[in-house]
Amino acid sequence: MKRKTTTAQINEALTNDLLIITKAECYHKTSRQTNVINPESFIDDFQFLCESGIFADCVGWHCQKDYKTNQYIAETGRMDGDSENIITVHMRVNEGVKIEDIEKVLLMKEED
């Protein structure tokens, strides 16, 4: 099941070594082309987004666990009609990390 998450929460999972990027790609809706993104380049750009302040919250992320591969998939842009690109990030669980810890970090916190 896809769940909403935030840029900050994904960043927390990556910077705390809970998850490791195995693959990232950018799908262009108009041309229907998919470009593979180098994981190191993705992290550089992603951290730049995280440092952008309020603009980091403008990117809506959805995350789900792929039970076939035991990885997590985070995605943005698919449900946004104004977005030209869909960014998909595949992440594996780091050794020794509990699934509960990942779920707690990635789960969107509801505000009262």
Side-chain angles (χ1 to χ4, degrees):
M1 178 168 87
K2 287 187 179 185
R3 293 186 167 159
K4 286 185 178 183
T5 191
T6 66
T7 303
Q9 288 171 283
I10 294 170
N11 188 51
E12 182 179 344
L14 292 172
T15 56
N16 291 334
D17 293 326
L18 300 176
L19 296 171
I20 298 171
I21 296 174
T22 58
K23 179 171 77 170
E25 52 193 18
C26 178
Y27 175 78
H28 303 276
K29 293 178 183 178
T30 305
S31 66
R32 297 184 177 178
Q33 285 189 315
T34 301
N35 297 332
V36 175
I37 303 168
N38 178 308
E40 290 81 20
S41 297
F42 176 84
I43 287 180
D44 288 344
D45 291 346
F46 190 75
Q47 287 176 341
F48 186 77
L49 172 65
C50 292
E51 293 170 5
S52 69
I54 61 170
F55 294 105
D57 295 333
C58 294
V59 179
W61 290 92
H62 289 85
C63 193
Q64 70 182 32
K65 183 172 182 178
D66 182 352
Y67 289 95
K68 292 179 189 174
T69 62
N70 205 28
Q71 293 190 2
Y72 285 84
I73 300 170
E75 187 175 74
T76 187
R78 183 175 303 276
M79 297 181 195
D80 183 353
D82 293 325
S83 176
E84 164 58 21
N85 299 324
I86 300 170
I87 305 296
T88 307
V89 185
H90 300 262
M91 300 167 285
R92 71 171 171 81
V93 179
N94 203 357
E95 291 183 32
V97 175
K98 296 178 185 175
I99 299 298
E100 297 83 26
D101 294 338
I102 295 170
E103 297 286 333
K104 189 168 37 171
V105 169
L106 292 179
L107 184 61
M108 181 93 156
K109 296 170 184 86
E110 298 293 327
E111 293 187 24
D112 295 329

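Not measured: the values here are computed from a predicted model.
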- Message: For the OG atom of Ser52 and the CD atom of Gln47, what is their distance to the nearest 0.5 Å?
- Response: 12.5 Å

- Is there side-chain contact between Thr88 and Thr34, with at least one heavy-atom pair below 4.5 Å? no

- Mind checking the CD1-CD1 spacing from Ile43 to Ile37? Nearest 0.5 Å is all I need. 11.5 Å

- Student check: side-chain heavy atoms of His90 and Glu25 closer than 4.5 Å: yes

- In this structure, which one of Arg3, Lys98, Lys65 forms a salt bridge (Lys or Arg N to Asp or Glu O under 4.0 Å) with Glu103? Arg3

- Query: Does the side chain of Leu18 come within less than 4.5 Å of Val93's, by heavy atoms?
  - Reply: no

- Task: May I ask whether Phe55 and Ile87 are part of the same hydrophobic cluster, defined by side-chain heavy atoms of I, L, V, M, F, W, Y residues being less than 4.5 angstrom apart, directly or through others?
- Result: no

- Message: Here's a test for you: under side chain to side chain contact (heavy atoms under 4.5 Å, CB included), which of Val36, Ile86, Asn85 qualifies with Cys26?
- Response: Asn85

- Message: Quick check: closest heavy atoms across Leu19 and Ile102, and the distance to 0.1 Å?
- Response: CD2-CD1, 3.6 Å

- At what distance, to the nearest 0.5 angstrom, does CG of Asp17 lie from CG of Asn94? 5.5 Å

- Sub-4.5 Å side-chain heavy-atom contact between Asn16 and Val105: no

- Query: Are Phe42 and Tyr27 co-members of a hydrophobic cluster defined by side-chain heavy atoms under 4.5 Å apart?
  - Reply: no

- Rounded to the nearest 0.5 Å, what separation is found between the CD1 atom of Ile73 and the NZ atom of Lys23? 8.5 Å

- So, are Lys104 and Glu12 salt-bridged, with charged N and O less than 4.0 Å apart? no

- Whether Thr76 side chain and Gly60 backbone form a donor-acceptor pair below 3.5 Å: yes

- Query: Quick check: does any side chain N or O of Thr15 sit under 3.5 Å from a backbone N or O of Asn11, one acting as donor and the other as acceptor?
  - Reply: yes

- Between Glu84 and Thr30 the two heavy atoms that sit nearest each other are OE1-OG1, 2.6 Å

- Query: When rounded to the nearest 0.5 angstrom, what distance separates CZ in Phe46 from CD1 in Ile10?
  - Reply: 5.0 Å

- Query: Does some side-chain heavy atom of Met91 sit less than 4.5 Å from a side-chain heavy atom of Gln71?
  - Reply: no

- Could you state whether Ile99 and Ile21 fall into the same hydrophobic cluster, counting links through intermediate Ile, Leu, Val, Met, Phe, Trp or Tyr residues with side-chain heavy atoms under 4.5 angstrom apart? yes

- Item | Rounded distance (nearest 0.5 Å) linking atom CZ of Arg92 with atom OH of Tyr72 | 14.0 Å

- How about Glu75 and Lys2: do any of their side-chain heavy atoms sit closer than 4.5 Å? yes

